[in-house]
Amino acid sequence: MIEARNLQKSYGRVHALAGVSFDVPPGQVTGLLGANGAGKSTTIRIITGYTVPDAGWVRVGGVLASRDPIRVRQHIGYLPESAPTYGEMPVEALLGFRASLHGLRGKARKAAVDKAVDACVLQSVRRRRVGQLSKGYKQRVGLATAILHDPPVLVLDEPSNGLDPGQITETRSLIRRLAEGRTVLVSSHILPEIERTCDRVVILARGRLCAQGPLEELLAQGDHELVCEARFQTEPSAKEAARAVGAIAGVGTVLPREMDDGVERWHVGFDPATIGEGDLRKAIGSNLAAAGAEVRLLEREKASLESLFLRLMEQGPDAAQAGSAA
Ligand code: ADP
Ligand code: MG
């Protein structure tokens, strides 16, 4: 439903996006995940036609955003990161005004407002001024604004940001409901949020794509990873040992993570088609012993979005390239 290809965007010397490509399939909730500054909002502004990329393109429902931004915006309901609120306006008046910007008049406009009020559970506050509402309600008004023209695609930029846990839960179930029959792209830097809400994830780091795919598939990658901790007397021998572990047939990435007291920790990814977990443990154990190390821990990585995210962050796009070149 959304295709993004080779998106590039710089602000002066900051490369907000350095060539990002991904897909958002129809009828699913896709999470756009990344730390602050990763490029999520820039990506979303390009998709919604509010920012023009330096290079690359986006298609929404087959329509090129650069060629027909108006039609693309008709397809999309957009909740910006900081939704503009007209604090003085009552909720109903604001929604009516926004509906008229979509060209809705008379009965159609009223029907659209009523439907959005019902969908976002705003009945009790429809005559209150937006500025007087709690943050959770303001966010629901933002969501109501986004669905007035009944778009097939929803793009939500950090919808849970700044909400308390109760409001986050409410917003999550609201998003789930609004997602029925729609395609949703929702950005967040909060891992449990994405883990609970999304079918699929796109992970960005420093303007680059780290991973994309069905959440379950990405998590399953953790099944083919061991966590290894070993104590070394000297720093160079730890590096040699990491190289020796990397040289074992079937071992993919060896990601070192600094630890105190002469203990090194690595995540060791492996290809189960080439080497079984038992053989891998044996090989790692003997290689480390040969390097003069005392193995402290050698266990299977537990699959969670957090461990996946940490692994990707440690690895980084540059390390990933270095790894594939080695
Ligand atoms: P995220 O939404 O993931 O936090 P952003 O897309 O907002 O990330 O920002 C990505 C990078 O681009 C950051 O380094 C940010 O400071 C920079 N950036 C974003 N928008 C602008 C802008 N309008 N002017 C200058 N720099 C910007
Ligand atoms: Mg942002």
Side-chain angles (χ1 to χ4, degrees), residues 2-24 29-48 51 53-58 81 155-161 185-222 224-225 227 242 246 252-259 265-269 301-326:
I2 301 174
E3 300 156 85
R5 289 296 174 275
N6 189 32
L7 296 182
Q8 295 178 35
K9 181 75 189 178
S10 296
Y11 297 101
R13 289 170 60 196
V14 177
H15 296 298
L17 295 177
V20 169
S21 303
F22 63 89
D23 292 299
V24 177
V29 180
T30 297
L32 182 61
L33 184 60
N36 287 326
K40 303 181 296 294
S41 296
T42 304
T43 303
I44 282 178
R45 284 197 301 267
I46 290 172
I47 291 171
T48 52
T51 294
D54 300 334
W57 53 263
V58 168
E81 195 164 23
V155 177
L156 315 173
D157 198 354
E158 306 250 11
S160 298
N161 217 3
L185 179 66
V186 53
S187 82
S188 180
H189 64 280
I190 306 165
L191 298 161
E193 196 53 28
I194 293 281
E195 202 158 12
R196 291 199 194 115
T197 321
C198 300
D199 310 303
R200 187 183 168 86
V201 287
V202 172
I203 303 180
L204 296 183
R206 281 170 276 131
R208 290 172 193 271
L209 181 80
C210 278
Q212 67 167 329
L215 187 55
E216 282 184 9
E217 259 177 43
L218 288 175
L219 291 182
Q221 287 176 7
H224 308 309
E225 199 171 277
V227 181
T253 49
V254 180
L255 302 172
R257 191 157 140 199
E258 292 290 312
M259 288 193 76
R265 174 182 232 187
W266 303 301
H267 288 222
V268 181
E301 172 75 314
K302 285 174 204 73
S304 74
L305 190 54
E306 189 178 4
S307 64
L308 171 71
F309 189 72
L310 283 176
R311 179 156 48 90
L312 291 168
M313 294 306 113
E314 282 168 1
Q315 192 174 0
D318 299 335
Q321 275 166 20
S324 61

T253 side chain near H267 side chain, heavy-atom distance below 4.5 Å: no

Once rounded to the nearest 0.5 Å, what's the spacing between atom NE2 of H189 and atom CG of L32? 13.0 Å

Inter-residue atom distance I203.CD1 - L209.CG, 0.5 Å rounding: 8.5 Å

Heavy-atom pair with the smallest gap, counting every atom of D157 and S41: OD2-OG, 2.7 Å

Kindly compute the distance separating CG (D23) from CZ (R200), expressed to the nearest 0.5 Å. 6.5 Å

Taking NZ, NE, NH1 and NH2 as the nitrogens, is one of them in E158 or K40 under 4.0 Å from a carboxylate oxygen of the other? yes

With side chains defined as the heavy atoms from C-beta onward, is the minimum distance between T43 and F22 less than 4.5 Å? yes

Drop me the distance from T42's OG1 to L17's CG, to the nearest 0.5 angstrom. 5.5 Å

Quick one: side-chain hydrogen bond (donor to acceptor under 3.5 Å, both in side chains) partners of S10, sequence neighbours excluded? H15

Can you tell me how far apart OH (Y11) and OG1 (T51) are? Round to the nearest 0.5 Å. 4.5 Å

Please report the closest heavy-atom contact between C198 and V186, naming both atoms and the distance. SG-CG1, 3.8 Å

Between S188 and I190, the two heavy atoms sitting closest are OG-N, 2.8 Å

Taking only residues two or more places apart in sequence, or in another chain, which ones meet E195 in a salt bridge (charged side-chain N to carboxylate O under 4.0 Å, His left out)? none

Counting only N and O atoms by type, is there a donor-acceptor contact under 3.5 Å from the side chain of S21 to the main-chain atoms of N6? yes

With sequence neighbours excluded, tell me which residues meet side-chain hydrogen bond (donor to acceptor under 3.5 Å, both in side chains) with E3. R59

Measure the spacing between CG of L33 and CD of Q212 and express it to the nearest 0.5 Å. 13.0 Å

When every non-hydrogen atom of V254 is compared with those of G246, the smallest separation belongs to CG2-CA, 3.6 Å

Nearest non-hydrogen partners of S187 and P159, listed with the distance: O-CD, 3.6 Å

May I ask you to decide if A38's main-chain N or O and R208's side chain share a donor-acceptor pair within less than 3.5 Å? no

Locate the shortest heavy-atom distance separating L215 from I194; write the atom from each residue and the value. CD2-O, 4.4 Å

